[in-house]
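In what follows, every heavy atom counts, from backbone to side chain, and hydrogens, waters and symmetry copies are set aside.
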Amino acid sequence: CCTSRPKMDTAEEADICRVCRSEGTQDRPLYHPCVCTGSIKFIHQECLLQWLKHSRKEYCELCQHRFAFTPIYSPDMPSRLPVQDIFTGLLTSVGTAVRYWFHYTLVAFSWLGLVPLTACRIYKCLFAGSVSSLLTLPLDLLSTQNLLADCLQGCFVVACTLGAFISLVWLREQIVHGGAPQWLEQNPPPLVPHGPAPADQVPAGNDGQAPAVGPPDRPPDHLAPADPPEAENLGDEADLDDDDDVRVQDGNNGEDLNWNALEWERAAEELTWERMLGLDGSLVFLEHVFWVVSLNALFILVFAFCPYHIGHFWVAGLGLGDSMKASHFEGLITTILGYVLLAGALILCHALASLVSFQRSRHLLGVCYIVVKVSLLVVMEIGLFPLICGWWLDICSLEMFDATLKDRQQSLASSPGTTMFLHWLVGMVYVFYLASFILLLREVLRPGVLWFLRNLNDPDFNPVQEMIHLAVYRHLRRFILSVVVFGSIVLLMLWLPIRAIKVLFPTFLPYNVMLYSDAPVSELSLELLLLQVVLPALLEQGHTRQWLKKLVHAWTFTAGYVLDLHSYLLGEHEDHHNQINNNLAGRHNNRFPGVGEGLHAAHQALLRQAGPVGVRPYHRPVHFPLKIALLLTFMCVSLLLASLLCLTLPVCAGRWLMSLWMGPVLVHELYTAASGLYVCWLAIRAATVVLSWMPQGPSAIMLKVHEWMLTLLKALVLALVLAGLVPLLLGLLFELVIVAPLRPLDQTPLFSPWQDWALGVLHAKIIAAITLMGPQWWLKAVIEQVYANGLRNMDLRVIVQGLAAPVVCILLLALSIPYTISKGITPLLGVQPEMQTLVERRIYPFLLMLLTLLVVLTFQIRQFRRLYEHIKNDKYLVGQRLVNYERRAGRTTAASPFSSSS
């Protein structure tokens, strides 16, 4: 017992591997490669390599110390590699690089040259209108004339064809998942006992159709609360659901029962973007190039050539060729007319196929009609409607800019495409912001007040499904109603305020929007300053929408109590909801007299389908129609006054500020309006902040004022450095490096500090954005820390020491070193004045080129060292030995065991 006890202690105290738990031997010694101590200190090299290969890490997971390996080379390795080995390895690397270069050049030529060029040449050949163009198409494809222009035009054609293909696939998914219209079904579904009632037995909604309700036995959560037009859409969706049920019961008809989903998933896994585009090094992409070219030719023939010539035949037959040419968009209008005629022809063919019971032809013609119908409706909703709004906005605002319709006609005749695009863009912005305002109204008003407007936030709202299922005349009626509503709003908020301004303030209009080349301040600099600094700083503030929402709520609250419509506009209080819901069934029959047939039917449908979770009930006061009319009048007057205030107050404030700064010089009204709007926003923001501090007492207000004064003082100091000094130095350096060397030597350069500062602001913003998107380094870390701290928690010392001081020092060195060389060292050499001027003008770009060359040489030297190590490891490396961690030696240099093969 006494002799066995020491042996047990010795066994317990022996060093073992922390992976395999065995002792070290002469062939497999133990190493301690990291900071860990105790029973996990030692490990075999083979165990560590196996664990690193499994975990794919190069450091210890406990102490985070990176493992180090020392390479073991062959004994016959020379001290320096022979030139032959270096030259062979260099040739191998160059050959690999050339092979990759040829492959990627072929990829770029195929996708950026061959595909667009063939698409453009095929497009021109088809629309040439002669048989000779078809015969000479192969020669035209090989022609080298107008390559760049044809490639650019071909890129647009390819984008259109790919967009049409993706739209067709997406429309097919919409038809499959949302259901096809009932008239498209080959076998009409039988009448369901619990189906929706016929249209003539249900009260009509605002669109003249039945707001059909789902089946009575359907779960209650299947019907979401909606406004009357949305209830109508729900009725359509209820019909679709019934069709879906019938289609599911007969879902296996026409499908391949042997279809294997796993094979399709495997094919999707194999086909990646790299393989499809040819970026994986294979030549499979040539097949994809061929299919894309064929797809382009097919889509150009089907979706452009055929509709255009159908419309062209009718235009020529009716003698409208001169009118089409005068419109400046003969091709587009003729193609749209061809689509309209094609839709009518498809309707007739579908009716004939239905009469003779050709089910497959009937179904195919119906699908083609849906495609044409949805395409025309999309063009009408996204293209024509914003264009009409943009032109109406321009016409109603002509007096604001002292313009006439003749000026617009001249601009349209000189550049029709640009004029139309600008008007479409303005109309699109107007539609977007008005739709956003309507969404904000829905958040304030009682659900059901805006029953006549579609809710864009409704998850069940799907405009594509409406385009598929609703009739064309209903879309036309909605389109006309939208044009009337949006046009009336433009009249109310633009044309009438302008007329009022001309009467009340005769000298206020017109706005100055002319650009003057002899102005002391460059318009380009002001535009960059406005678009990059002022407006983003104003729009990024998160208080504008909340202020507008509170303003709308206050107006609604006031108007509701003045006209006794508070319950109708905002709803009852929560404590009265239960009582109102109990009395709802006995009261809804006599609450709508005199409102109108459509309004009565809509509210009836809402009350029947929504229940207590739908439209909130309200108390109907006496003389309800009269009060609604007074409410609309009050709303129109309020909108008129608000528009009048927005058109005058910011411009007046901006003109006053600009007059204090620049004197009597005329400035673009866009800049005066932007500066005045920003000043008004600051005043409103300060007023709201002070009002929020009022309940806390004078002492708290003084304390907060002291804190904000200190914060504003810090912000002012940082603004002078980061927004003043740094952009000025950056703009001056840019002008000395880029702009000044481009001027003639006999011309004295003139520097404008204001323009340099404005351009420097833009350059600083671009550099900051690129830095934040780039890799992690000290400048990115400091900028991220400044953004994270914000305005209130800014650390002036960290920002100055970590960001401002290094950047300013670098810019000052970049400006002063070349100046010192050109002004101090060059005259000592006794050069001629012409050479002195040449050095002063070219010293900045010369030093920049020299610095760039040094960076490139440093990079190439590093690459050559890596190539040298790679060649040496490939030829002479026989293994690697794990390095023990030594506390006295400090941190050892780490090398990955997987960097080179042993």
Side-chain angles (χ1 to χ4, degrees), residues 49 52-53 56-58 66 68-118 141-142 144 147-148 151 154-155 158 267 269-293 773-775 848-881 893-902:
L49 290 177
L52 292 180
K53 184 178 180 180
R56 296 182 180 179
K57 296 180 180 179
E58 299 179 0
R66 186 176 295 272
F69 292 83
T70 180
I72 302 176
Y73 294 101
S74 176
D76 58 346
M77 184 189 73
S79 59
R80 294 182 180 179
L81 288 179
V83 179
Q84 181 180 0
D85 294 342
I86 298 176
F87 186 72
T88 303
L90 185 60
L91 285 181
T92 304
S93 301
V94 171
T96 305
V98 169
R99 181 172 60 87
Y100 277 110
W101 181 81
F102 273 113
H103 178 78
Y104 288 124
T105 302
L106 180 62
V107 170
F109 172 75
S110 300
W111 290 113
L112 300 180
L114 181 62
V115 172
L117 190 62
T118 53
L141 293 177
L142 300 177
T144 58
L147 283 179
L148 182 59
C151 285
C155 289
V158 171
E269 291 177 358
E270 293 177 356
L271 185 60
T272 59
W273 283 104
E274 289 79 7
R275 187 173 182 81
M276 185 176 68
L277 297 178
L279 300 178
D280 59 343
S282 64
L283 297 178
V284 184
F285 76 97
L286 295 177
E287 180 182 356
H288 304 150
V289 169
F290 171 76
W291 284 112
V292 169
V293 171
M773 292 187 298
L848 178 62
M849 294 176 59
L850 183 61
L851 181 61
T852 305
L853 181 61
L854 290 178
V855 171
V856 171
L857 288 178
T858 305
F859 176 76
Q860 293 297 331
I861 290 173
R862 290 181 180 178
Q863 292 297 109
F864 183 78
R865 288 179 178 176
R866 292 179 58 184
L867 177 64
Y868 184 87
E869 293 293 331
H870 179 71
I871 297 172
K872 184 173 66 174
N873 293 337
D874 283 344
K875 191 167 185 178
Y876 299 103
L877 184 66
V878 296
Q880 288 181 334
R881 181 182 296 111
T893 58
S896 171
F898 308 108
S899 59
S900 60
S901 59
S902 60

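Atom CG of L52 is separated from atom CZ of F69 by 5.5 Å, given to the nearest 0.5 angstrom. The line from NE2 of H870 to OG1 of T92 is 8.5 Å long, rounded to the nearest 0.5 Å. Considering CG of D85 and CG of L90, their distance stands at 12.5 Å, rounded to 0.5 Å.
Y100 and Y104 have parallel rings, their planes meeting at less than 30° on a 0 to 90° scale where 60° marks the start of perpendicular. Note on ring orientation: taking the six-membered ring where Trp is involved, the planes of W111 and F285 are tilted (angle from 30° to 60°).
Each of V293, L112, L147 was compared with L117 under the side-chain contact (heavy atoms from CB on, under 4.5 Å) criterion, and only L147 meets it.
I871 approaches G89 most closely through the heavy-atom pair CD1-CA, 3.6 Å. In terms of heavy-atom proximity, G278 sits nearest to V107 at O-CG2, 3.6 Å.
Using a cut-off of 4.0 Å between Lys/Arg side-chain N and Asp/Glu carboxylate O, E869 and R866 are scored as not salt-bridged.
You'll find the side chain of L283 reaches within 4.5 Å of the side chain of L106, heavy atoms only. Taking the side chain as every heavy atom from C-beta outward, M77 and L877 never approach each other to under 4.5 Å.
In this structure, Y73 places its OH atom where more than 12 heavy-atom neighbours from other residues, nucleotides or ligands lie under 6.0 Å away.
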